[in-house]
*Asks:* 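My questions all concern the structure below.
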Amino acid sequence: MLDFEAAAGGVPLDALAVSRRSGTEPFTLAGAAAGAVLADFWAWACSDLMSNRLRGVLAEYIVALAMGAGDGVRTEWDAVDLRLPGALDVEVKSAAYVQSWSQQRLSRIEFNVAPAKGWDARTDTVAAVPLRPSRVYVFCLLHHTNKATVDPLDLDQWEFYVTPTTVLDAALGTQARVSLARLQTITSTPVTFGELAARITECVATPT
């Protein structure tokens, strides 16, 4: 029978300290380089930036980049997408008109805004009631509609709708999804990447 305390080295199973990697780290076999490096895996796993899952992660990075916080390491499955200095917790949602797969028409734009019993990665605890725990929501829309030239790395192809979470709660209550048309009645005019940091800061300063 496995002795779990012994397997843990007799110490608490604290969160791993995740260091930022460079991509040059080699796969090894019997202590020797096995012919591939971490960047090869990244290229294999993460080249389809238009996939829904990966586009969402990319949107988180774009927001972090705008806020000068793109040099850290993403925390998987945390209750909020970005935890920035000054206790600024930001939830990031993304959508796009065009997708990786064959389409009959452009996608309808809507975002998931459902309150949830989120898991806090810092404390390994789950919220007692469903809620939206962030201070600010950033809705990232890849608005380019030409499939031949769409490029999610082109920051000019994105626009951003930013709102304090309190405003979203007041407008939507426990509603699970919001259309772009409805979102545009809740937020101000969308901003560009260059305007994003200032708009987030403005929303943080909005009285609740």
*Asks:* Say whether Gln99 and Lys147, considering side chains only, have a donor N or O and an acceptor N or O under 3.5 Å apart.
*Replies:* no
*Asks:* Can you establish whether the number of heavy atoms outside Leu29 located under 6.0 Å from its atom CG is more than 12?
*Replies:* no
*Asks:* For the atom pair CG (Leu180) and CZ (Phe139), what is the distance rounded to the nearest 0.5 Å?
*Replies:* 10.5 Å
*Asks:* Give a yes or no on this: more than 12 heavy atoms of other residues, nucleotides or ligands lie within 6.0 Å of atom CZ of Arg177.
*Replies:*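 Correct, the count exceeds 12.
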*Asks:* Hey, does Asp89 have a side-chain heavy atom less than 4.5 Å from the side chain of Leu84?
*Replies:*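 Not in contact.
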*Asks:* Please evaluate residues Tyr97 and Leu141 with respect to the criterion side-chain contact (heavy atoms from CB on, under 4.5 Å), reporting the C-alpha separation (whole Å), side-chain torsions for both, the decisive distance (0.1 Å), and the verdict.
*Replies:* CA-CA 8 Å; Tyr97 288 105; Leu141 174 59; 4.1 Å; yes
*Asks:* Does a side chain donor of either Thr185 or Arg182 reach within less than 3.5 Å of an acceptor in the other side chain?
*Replies:*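 Per modelled atom types, Thr185 and Arg182 side chains form a pair under 3.5 Å.
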*Asks:* Take Cys140 and Val63 through the side-chain contact (heavy atoms from CB on, under 4.5 Å) test and state the conclusion after the steps.
*Replies:* CA-CA 9 Å; Cys140 308; Val63 176; 3.8 Å; yes
*Asks:* How far apart are the closest heavy atoms of Thr192 and Phe160, and which atoms are they?
*Replies:*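 In terms of heavy atoms, the two residues are closest at C-CD1, 3.8 Å.
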*Asks:* Which heavy atom in Arg132 sits nearest to a heavy atom in Asp169, and how many Å separate them?
*Replies:* NH1-OD1, 2.6 Å
*Asks:* Are any of the side-chain heavy atoms of Ser179 and Arg108 separated by less than 4.5 Å?
*Replies:* yes
*Asks:* Does the side chain of Thr165 pick up a donor-acceptor pair with the side chain of Arg135 at under 3.5 Å?
*Replies:* no
